[in-house]
Amino acid sequence: MSNAFSIVFQHQDFLIINKSADINFHDEDDKGAGLFSQIKQQFPAQELFPVHRLDKMTSGLLVVARSLSCAQQFQQLFAQRHIEKYYLALSDLKPKKKQGLIIGDMAKSRRGTWKLLRTKDNPAITQFFSYALGNKTRLFCLKPHSGKTHQIRVAMASIGAPIIGDNYYYTKPSTAKQHANNEQVADRGYLHAYCLKFSYQSEEFAFRSTPTTGQLFLTPECQLQFAELEDPATLPWPNVPQYNTRHKES
């Protein structure tokens with residue numbers, strides 16, 4: 001098993017990967033092989049195709065196709081919103097609302113960040129529920145209906161509850177200031193790709209991966225709530241209006 005990932009499931013057409021936190025999908029000049037290169041190293045005799053990506057800080061479930069035709073089928077499934085995705089996130093800042101819908105177009109902002117707009121021409125759409133864990137921390141279960149860059153991270157920031165450990169959108173004092181004030185510095189970015197559900201060639205698949213790293217994810221309060229969220233698809237998600245959402249899974 002690599003430190004960057006583990007294999008959750010092997011199908012003749014695809015792999016389900018459990019990605020570690022703090023590993024970039026692509027190679028980095030100063031840090032060597034990225035996630036996809038390391039996956040290919042484990043399967044040297046096979047051509048692999050990326051289907052979607054997770055941000056560097058994000059851990060959890062990822063699909064990798066084992067053929068071009070499979071990759072094309074999965075791209076259609078993502079584009080047509082036929083793959084259900086559920087994420088877990090933690091924030092210690094009070095959200096403007098504790099559940100609901102976050103929707104809006106996204107635009108590039110400063111220093112590689114994105115921002116949520118009021119317009120809805122090609123919006124990012126995210127539903128969520130949240131749960132109090134004590135010590136001002138809340139667990140969020142999020143269901144994205146589109147695949148925009150930084151979508152969940154921007155959605156969380158837009159409701160005043162950026163993800164703990166998110167170096168782009170978390171607005172508490174910098175790491176240096178936290179050290180100077182003897183405040184605890186987050187040991188990871190607290191976003192995890194928790195569940196995947198889809199139908200492939202008339203067969204139903206469902207995968208769930210509970211976070212295994214991060215001190216805050218491993219607290220008894222958080223673990224108890226994970227048990228309550230064993231199947232997030234059964235939560236009472238309201239119907240979402242149809243919008244034009246040109247897909248770019250990342």
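At distances below 3.5 Å, not a single donor-acceptor pair connects side-chain atoms of Lys120 with backbone N or O atoms of Ile103. Side-chain atoms of Asp55 do not come within 3.5 Å of backbone N or O of Met57 as any donor-acceptor pair. The backbone N or O of Pro162 lies less than 3.5 Å from a partner atom in the side chain of Ser91, making a donor-acceptor pair. Between the Asp27 side chain and the Gly34 main chain, a donor and an acceptor come within less than 3.5 Å of each other. Counting only distance, with no hydrogens or angles, the side chain of Lys148 and the backbone of Ile152 share no donor-acceptor pair below 3.5 Å. With hydrogens and angles ignored, the 3.5 Å screen pairs no side-chain donor or acceptor of Lys40 with any backbone N or O of Pro44. Formation of a donor-acceptor pair under 3.5 Å by the Ser109 side chain with backbone atoms of Trp114 is not found in this model. One N or O on the side chain of Tyr194 and one on the backbone of Leu229 form a donor-acceptor pair closer than 3.5 Å. Using modelled atom types, no side-chain atom of Ser130 and backbone atom of Leu139 make a donor-acceptor pair closer than 3.5 Å. With hydrogens and angles ignored, the 3.5 Å screen pairs no side-chain donor or acceptor of Trp237 with any backbone N or O of Lys143.
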List the steps and the verdict of side chain to side chain contact (heavy atoms under 4.5 Å, CB included) for Gln38 and Phe5.
-> CA-CA 9 Å; Gln38 293 187 47; Phe5 70 95; 4.0 Å; yes
Yes or no on side chain to side chain contact (heavy atoms under 4.5 Å, CB included) for Lys197 and Glu204, after CA distance, side-chain angles and deciding distance?
-> CA-CA 8 Å; Lys197 285 192 170 189; Glu204 299 296 324; over 6 Å; no
Trace of the side chain to side chain donor-acceptor pair (under 3.5 Å) decision for Tyr86 with Asp231 = CA-CA 10 Å; Tyr86 301 92; Asp231 185 0; over 6 Å; no
Side chain to side chain contact (heavy atoms under 4.5 Å, CB included) evaluation trace for Leu62 with Phe36 = CA-CA 11 Å; Leu62 193 66; Phe36 191 60; over 6 Å; no
Candidate pair Leu117 and Lys115, rule side chain to side chain contact (heavy atoms under 4.5 Å, CB included), full reasoning | CA-CA 6 Å; Leu117 306 178; Lys115 60 184 177 181; 4.1 Å; yes
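Around OH of Tyr169, the count of heavy atoms belonging to other residues, nucleotides or ligands within 6.0 Å exceeds 12. Within 6.0 Å of atom NZ in Lys94, 12 or fewer heavy atoms from other residues, nucleotides or ligands are found, so the atom counts as exposed in its surroundings.
The line from CD of Gln75 to CG of Leu68 is 8.0 Å long, rounded to the nearest 0.5 Å. With values rounded to the nearest 0.5 angstrom, Leu35 atom CG is found 6.0 Å from Ile23 atom CD1. Leu196 CG to Arg208 CZ: the interatomic distance, rounded to the nearest 0.5 Å, is 13.0 Å. Taking CG of Asn18 as the start and OG of Ser59 as the end, the distance is 7.0 Å to the nearest 0.5 Å. Rounding to the nearest 0.5 Å places CZ of Phe25 at 14.5 Å from NZ of Lys56. Atoms CE and CG, from Met156 and Leu90 in turn, are 8.0 Å apart once rounded to the nearest 0.5 Å.
The hydrophobic clustering, which links ILVMFWY residues whose side-chain heavy atoms are closer than 4.5 Å, places Tyr131 and Phe128 together. If you chain together hydrophobic residues whose side chains sit under 4.5 Å apart, Phe74 and Phe207 fall into the same group. Phe49 and Val63 fall into different hydrophobic clusters, where Ile, Leu, Val, Met, Phe, Trp and Tyr are joined by side-chain heavy atoms under 4.5 Å apart, directly or via other members. Clustering ILVMFWY residues whenever any of their side-chain heavy atoms sit less than 4.5 angstrom apart, transitively, puts Leu218 in a cluster other than the one holding Leu191. Ile17 and Leu48 fall within a single hydrophobic cluster, where Ile, Leu, Val, Met, Phe, Trp and Tyr are joined by side-chain heavy atoms under 4.5 Å apart, directly or via other members.
Identified under the salt bridge (charged side-chain N to carboxylate O under 4.0 Å, His left out) test for residues 157-166, with sequence neighbours left out: Arg153-Asp166.
Gln151 and Thr126 are linked by a side-chain donor-acceptor pair at a separation below 3.5 angstrom, with hydrogens and angles left out of the test. Defined by atom type and a distance below 3.5 Å, a donor-acceptor pair is missing between the side-chain atoms of His11 and Tyr200.
A 4.5 Å side-chain heavy-atom check between Phe43 and Gln10 finds at least one atom pair inside the cut-off. Between Phe226 and Glu228, the closest side-chain pair of non-hydrogen atoms is not below 4.5 Å. Under the 4.5 Å side-chain criterion, counting only non-hydrogen atoms from C-beta, Leu216 is in contact with Ile164. Side chains of Tyr87 and Pro144 form a contact here, defined as non-hydrogen atoms less than 4.5 Å apart. Counting heavy atoms from C-beta outward, Arg53 and His26 have side chains that approach closer than 4.5 Å. Residues Phe129 and Pro232 are not in side-chain contact: their nearest non-hydrogen atoms beyond the backbone lie 4.5 Å or more apart.
Across all non-hydrogen atoms, the minimal contact from Phe14 to Cys70 is CB-SG, 4.0 Å. Here the shortest heavy-atom pairing between Leu88 and Pro211 reads CD1-CD, 3.9 Å. When all heavy atoms of Ala124 and Met106 are compared, the pair lying nearest together is CB-SD, 3.6 Å. Between Gly160 and Leu93, the shortest heavy-atom distance links the atoms O-CB, 3.5 Å. Between Arg110 and Thr113, the shortest heavy-atom distance links the atoms O-OG1, 2.6 Å. Taking all atoms of both residues into account, the shortest heavy-atom contact from Ala193 to Thr58 is N-CG2, 4.2 Å.
Using a 30° and 60° split on the angle between ring planes, Phe78 and His52 fall in the tilted class, from 30° to 60°. Relative orientation of the His192 and Phe217 rings is perpendicular, given thresholds of 30° and 60° on the angle between their planes.
Cation-pi geometry between Arg188 and Tyr190 is met: the NZ or CZ atom falls under 6.0 Å from the ring centre, inside 45° of the normal.
Among Gln46, Glu47, Gln12, the one residue that satisfies the side-chain hydrogen bond (donor to acceptor under 3.5 Å, both in side chains) test with Arg66 is Gln46.
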